[in-house]
Amino acid sequence: MQKVVLRDTQVALPTTAKLFGALGLAATGFVTAELIPGKLHPGAEIHGLALMAASFGLLLGWRVIGMRPGKGLVKAVERGLHAAIYLLLWTMLFLGALQMMREMVHGRYDSPSEALLDILAQGMRLGTEAIQLDVLATLFCGAILSAMLAEWAWKRWQ
């Protein structure tokens, strides 16, 4: 007879740390994305960047900042910095994809691989234009504050 082993399929419940991390990083992404359009060249059409950055922030705040609370303030700051870097990378990839779609409509690409590679090139080009001191300061300070608030919420409502 075979022995049957059942896994524990109980999923951890949402916590206040996840909620505070998600909402804080979503707000940070929204505010930071509102600073970016003024920094880009006039031909760059970006619509919906703030809402997309807020969506990325919501997801990353839930998964990165709120995952392991209760390890202290230094670890919270570290989680906030990681979340800010992830948010920056995902937003730049989104910007690159938007620009690639715009160029694709005009028939610029000969193959799908050329279009996919241009996502990275467009994202890096727009990233070098957009990433300035005020944008970085807003992003990193907001992410660190979100992580500290998530740590506080975990301690408060543990």
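Taking the six-membered ring for Trp and thresholds of 30 and 60 degrees, W157 and W152 have ring planes more than 60 degrees apart, a perpendicular arrangement. Aromatic ring pairs are classed by plane angle as parallel below 30°, tilted from 30° to 60° and perpendicular above 60°; the pair W90 and F56 is tilted.
If you chain together hydrophobic residues whose side chains sit under 4.5 Å apart, L89 and L49 fall into the same group. Residues L117 and L126 do not share a hydrophobic cluster, defined by chaining ILVMFWY side chains whose heavy atoms lie under 4.5 Å apart. Residues M52 and I131 share a hydrophobic cluster, clusters being chains of Ile/Leu/Val/Met/Phe/Trp/Tyr side chains in contact below 4.5 Å. The hydrophobic cluster containing L149 does not contain W62, counting ILVMFWY residues as joined when their side-chain heavy atoms lie under 4.5 angstrom apart, directly or transitively. A single hydrophobic cluster is seen to contain both I85 and M148, as judged by linkage of ILVMFWY side chains at heavy-atom distances under 4.5 Å, directly or through other members.
T32 pairs in a side-chain contact (heavy atoms from CB on, under 4.5 Å) with only one of the listed residues (L88, L136, V135, D134), which is V135.
Using a 4.5 Å heavy-atom threshold, the side chains of L23 and L58 count as touching. Residues L93 and L120 are in side-chain contact: their nearest non-hydrogen atoms beyond the backbone lie under 4.5 Å apart. Using a 4.5 Å cut-off on side-chain heavy atoms (C-beta onward), M92 and I36 make contact. K18 places a side-chain heavy atom less than 4.5 Å from the side chain of M67.
Atom CZ of R63 sits in a sparse spot, with 12 or fewer heavy atoms from other residues, nucleotides or ligands closer than 6.0 Å. By the 6.0 Å contact criterion, NZ on K39 is enclosed, its count of non-hydrogen atoms from other residues, nucleotides or ligands being greater than 12.
Minimum heavy-atom separation, T91 to A53: OG1-CB, 4.2 Å. Taking every heavy atom of both residues into account, G70 and W154 meet most closely at CA-CZ3, 3.2 Å. Shown here for I65 and A150, the closest heavy-atom pair between the two residues is CG2-CB, 3.7 Å. Here the shortest heavy-atom pairing between A26 and A54 reads CB-O, 3.4 Å. The heavy-atom pair separating A147 from A76 by the smallest distance is CB-O, 2.9 Å.
Using a distance-only test at 3.5 Å, with no hydrogens or angles considered, no donor-acceptor pair links the side chain of Q99 to the main chain of I119. Side-chain atoms of R79 come within 3.5 Å of backbone atoms of R68 as a donor-acceptor pair (strictly under, hydrogens ignored).
The line from CG of L139 to CG of L87 is 5.5 Å long, rounded to the nearest 0.5 Å. In this structure, CG on L81 lies 4.0 Å from CD1 on I144, to the nearest 0.5 angstrom. Rounding to the nearest 0.5 angstrom, the gap separating the CE atom in M100 from the CG atom in D118 is 8.0 Å. Put simply, CG on L116 and OH on Y109 are 9.5 Å apart, with the number rounded to the nearest 0.5 Å. Rounding to the nearest 0.5 angstrom, the gap separating the CZ atom in R108 from the CZ atom in R102 is 11.0 Å. Here the CZ atom belonging to F140 is positioned 15.0 Å from the CG atom belonging to L145, to the nearest 0.5 angstrom.
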